[in-house]
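Accompanying notes for the structure given below.
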Amino acid sequence: MKFPILSIAAVLAACSPSSSSPTASSSSSQPPASTGGNPAGQEDPTDAGLDVGSSDGSAGHDAGADRVVIAQIDPPGGTTVYAISDIHGGYDRVAALLEKNGILSALPQSPGTPQWGAGNALLVVAGDLIDKGPQPIEVIDFLMALETAASAAGGRVVVLLGNHEAEFFVNPTNSKATATDGVDQELAARGIAPAAVADGTDPRGAWLRKRPIGARVGKWFFSHAGNTKGRTLSALDAALRAALDAHSNYDDPELVGVDSILEARDWYTNPTTAPANAKALGVSHIVFGHQPSALGPKGAIATAQSGALFRIDCGMSPLVNDSTGCILRIRHLDANTEVADGLDATGGAPITLWQGP
């Protein structure tokens, strides 16, 4: 089946509060690596939490009854699930990674024209689309269009929020956004006001603000930093929804606090924590990004605690450059057995990471 080529303009228009829609464009030029803030290729210690001041928080209504805070998905048996994280402005790399592994049927001619090639598969993107990389707007445009292309072809894309998006909502001129590798550089080059994206008056911002914070897919739970603090899905959803109701600009400890689901680090070091958290959520596995050296060496997917934990931040942005990208693939060998594989940007043989019921 040949999938349609979709225009980003149509996707943007659907999210826009006005009649005007920007047109996506791709740039092959890359800004120089950061010379301020966090050096390229190094973990940012400030990702453990945020004190960025606050925007006025005027735009909101993010936790209305129709807002999906924790997505709950039970795909049909045999559905393949893919997951990536921390694209950080690496549009060229994420497009090549997905094409090499058959999730795209071809490299897109522009960010707004991806062709889904993975049938009824599900792709989860666990946050951090922006900052630390040269093409954050292209990444957003690409994922907006891919979400629609996948749906039209019988698949699904679920894009979650990361701490960089939440911090940007709190203050769109925070130090990460305004760094030489931050999202504000490309926004300025395009004449887009950061505040308009952060408060959702820009259509890209409207789309970003509607992204879920976590997703349960069968027995797997995905979020950016992974710390659910031992809560059930309903309790977690209620706590996050209350935070969004109270602080529509995301300036709440549940969202950007040092131990939050978007910001926490090293929460899993006690070997009893992850199994207890997974049990409370009703799942067997917790998948997160955010911390590229968690559980194992940088540049590859790492797993621990007999498959209870998977870290999928592989540092794919060219300005981080721990790798050219990795994908977690979850597939069914039979009705009772799942296998989790690691895929890389070469499109070569998968590496089996875990197998079990």
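Everything numeric here is computed off the predicted structure, so don't read it as measured data. Throughout, numbering of the chain's residues begins at 1 and tracks the sequence.
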Any residue meeting side chain to side chain donor-acceptor pair (under 3.5 Å) with R156, in chain and number order, not counting sequence neighbours: none
Flag, side chain of D322 to backbone of K298, donor-acceptor distance under 3.5 Å: no
Does a sphere of radius 6.0 Å around CD1 in I351 hold more than 12 heavy atoms from other residues, nucleotides or ligands, not counting ones at 6.0 Å or beyond? no
Test: R211 cationic atom under 6.0 Å from W207 six-membered ring centre, within 45° of axis: yes
D334: side chain to side chain donor-acceptor pair (under 3.5 Å) partners, not counting sequence neighbours: T337
Could you tell me which non-hydrogen atom of A121 sits nearest to which non-hydrogen atom of Y82, and how far apart they are? CB-CE1, 3.7 Å
Keeping the roles fixed (side chain from R329, backbone from R331), state whether a donor-acceptor pair exists under 3.5 Å. no
Within this structure, what is the CG-OG1 distance for the pair L240 and T228, rounded to the nearest 0.5 Å? 10.0 Å
Indicate yes or no for a side-chain donor-acceptor contact from E254 to the backbone of A239 under 3.5 Å, with no hydrogens or angles considered. no
Flag the pair R216 and D74 as a salt bridge only when some basic side-chain nitrogen lies within less than 4.0 angstrom of an acidic carboxylate oxygen. yes
Single-linkage hydrophobic cluster I330~L98, side-chain heavy atoms < 4.5 angstrom: no
Roughly how far, to the nearest 0.5 Å, is the CG atom of L123 from the CD1 atom of I327? 7.5 Å
Under 3.5 Å: donor-acceptor pair, side chain of T79, backbone of P76: yes
Are any non-hydrogen side-chain atoms of W354 and H285 less than 4.5 angstrom apart? yes
Excluding sequence neighbours, so at least two apart, what forms side-chain contact (heavy atoms from CB on, under 4.5 Å) with S284? K219
May I ask you to decide if G214's main-chain N or O and S223's side chain share a donor-acceptor pair within less than 3.5 Å? no
Nearest heavy-atom approach of S323 to C314 is OG-O, 2.7 Å
I would like to know whether L255 and H247 meet side chain to side chain contact (heavy atoms under 4.5 Å, CB included); could you show each step before the answer? CA-CA 10 Å; L255 302 165; H247 300 99; 5.8 Å; no
Kindly write out the residues that satisfy ring pair (Phe, Tyr, Trp, His ring centres under 6.0 Å) with F310, not counting sequence neighbours, or none if the list is empty. W220
Quick one: do S110 and T113 satisfy side chain to side chain donor-acceptor pair (under 3.5 Å)? Show the steps, please. CA-CA 6 Å; S110 70; T113 59; 3.3 Å; yes
What's the spacing between S317 OG and L129 CG if we round to 0.5 Å? 12.0 Å
Starting at NE2 of H224, measure out to CG of L160 and round the result to the nearest 0.5 Å. 10.0 Å
Please assess R204 against E186 for the test salt bridge (Lys or Arg N to Asp or Glu O under 4.0 Å), listing each intermediate value before the final yes or no. CA-CA 13 Å; R204 294 180 179 92; E186 190 178 10; over 6 Å; no
Treating E263 as the side-chain partner and S260 as the backbone partner, does any N or O pair qualify as donor plus acceptor under 3.5 Å? no
pair I192-V197: side-chain heavy atoms closer than 4.5 Å: yes
Passes side chain to side chain donor-acceptor pair (under 3.5 Å), D131 versus H164? Steps please. CA-CA 7 Å; D131 300 331; H164 280 254; 2.8 Å; yes
Can you name the nearest heavy-atom pair linking I286 to G226, along with the distance? CG2-O, 4.0 Å
For V158, which of V68, V125, I73 qualifies under side chain to side chain contact (heavy atoms under 4.5 Å, CB included)? I73
Checking side chain to side chain contact (heavy atoms under 4.5 Å, CB included) for the pair V124/L328: CA distance, chi angles, key distance, verdict? CA-CA 10 Å; V124 179; L328 177 66; over 6 Å; no
Pairwise side-chain contact, I87 with D128, heavy-atom cut-off 4.5 Å (strictly under): no
Main-chain N/O of D313 paired to S85 side chain as donor or acceptor, under 3.5 Å: no
Hits for side-chain contact (heavy atoms from CB on, under 4.5 Å) against P275, two or more places apart or cross-chain, chain-then-number order -> Q305
For Q355, which residues count as a side chain to side chain donor-acceptor pair (under 3.5 Å) partner, sequence neighbours excluded? none
Ring pair (Phe, Tyr, Trp, His ring centres under 6.0 Å) involving F288 - partner list, sequence neighbours excluded: W267, Y268
Would you check if the side chain of H88 reaches a backbone N or O of M316 as a donor-acceptor pair within less than 3.5 Å? no
Same cluster (ILVMFWY, side-chain, under 4.5 Å), L208 and I137: yes
Would you say N277's side chain and G230's backbone share a donor-acceptor pair under 3.5 angstrom? yes
Salt bridge (Lys or Arg N to Asp or Glu O under 4.0 Å) partners for K229, two or more places apart: D259
Across all chains, not counting sequence neighbours, the side-chain contact (heavy atoms from CB on, under 4.5 Å) partners of T346 are D344
Taking transitive links into account, so neighbours of neighbours count too, which hydrophobic residues share a cluster with L333 at under 4.5 Å side-chain distance? V339
Rounded to the nearest 0.5 Å, what separates atom CG in N163 from atom NZ in K176? 5.0 Å
Between F168 and D184, is a side chain to side chain contact (heavy atoms under 4.5 Å, CB included) present by the stated rule, with each step listed? CA-CA 10 Å; F168 181 79; D184 286 1; 3.4 Å; yes
Under the side-chain contact (heavy atoms from CB on, under 4.5 Å) test, residues paired with S306 that sit two or more places apart: none
Under 4.5 Å between side-chain heavy atoms, counting indirect links through other Ile/Leu/Val/Met/Phe/Trp/Tyr residues: same cluster for L309 and F222 or not? no
Verify same cluster id: V287, V81 (apolar side-chain graph, 4.5 Å): yes
Work out which heavy atom in L236 is nearest to a heavy atom in I261; give both atom names and the distance. CD2-CD1, 4.1 Å
Just by modelled atom types, is the R209 backbone N or O under 3.5 Å from a matching donor or acceptor in the Y250 side chain? yes
If you take all heavy atoms of A345 and T324, which pair is closest and at what distance? CB-OG1, 3.3 Å
Hits for side chain to side chain donor-acceptor pair (under 3.5 Å) against T232, two or more places apart or cross-chain, chain-then-number order -> S234
CG-OH distance between D141 and Y91, expressed to the nearest 0.5 angstrom: 9.5 Å
If the threshold is 4.0 Å, N to carboxylate O, is there a salt bridge linking E147 and K210? no
Any I84 side-chain heavy atom under 4.5 Å of I312 side chain: no
Taking the side chain as every heavy atom from C-beta outward, state whether N321 and R93 have any pair of such atoms under 4.5 Å apart. yes
Hydrophobic cluster membership, with links at side-chain heavy-atom distances under 4.5 Å among I/L/V/M/F/W/Y: are L122 and M144 in one? no
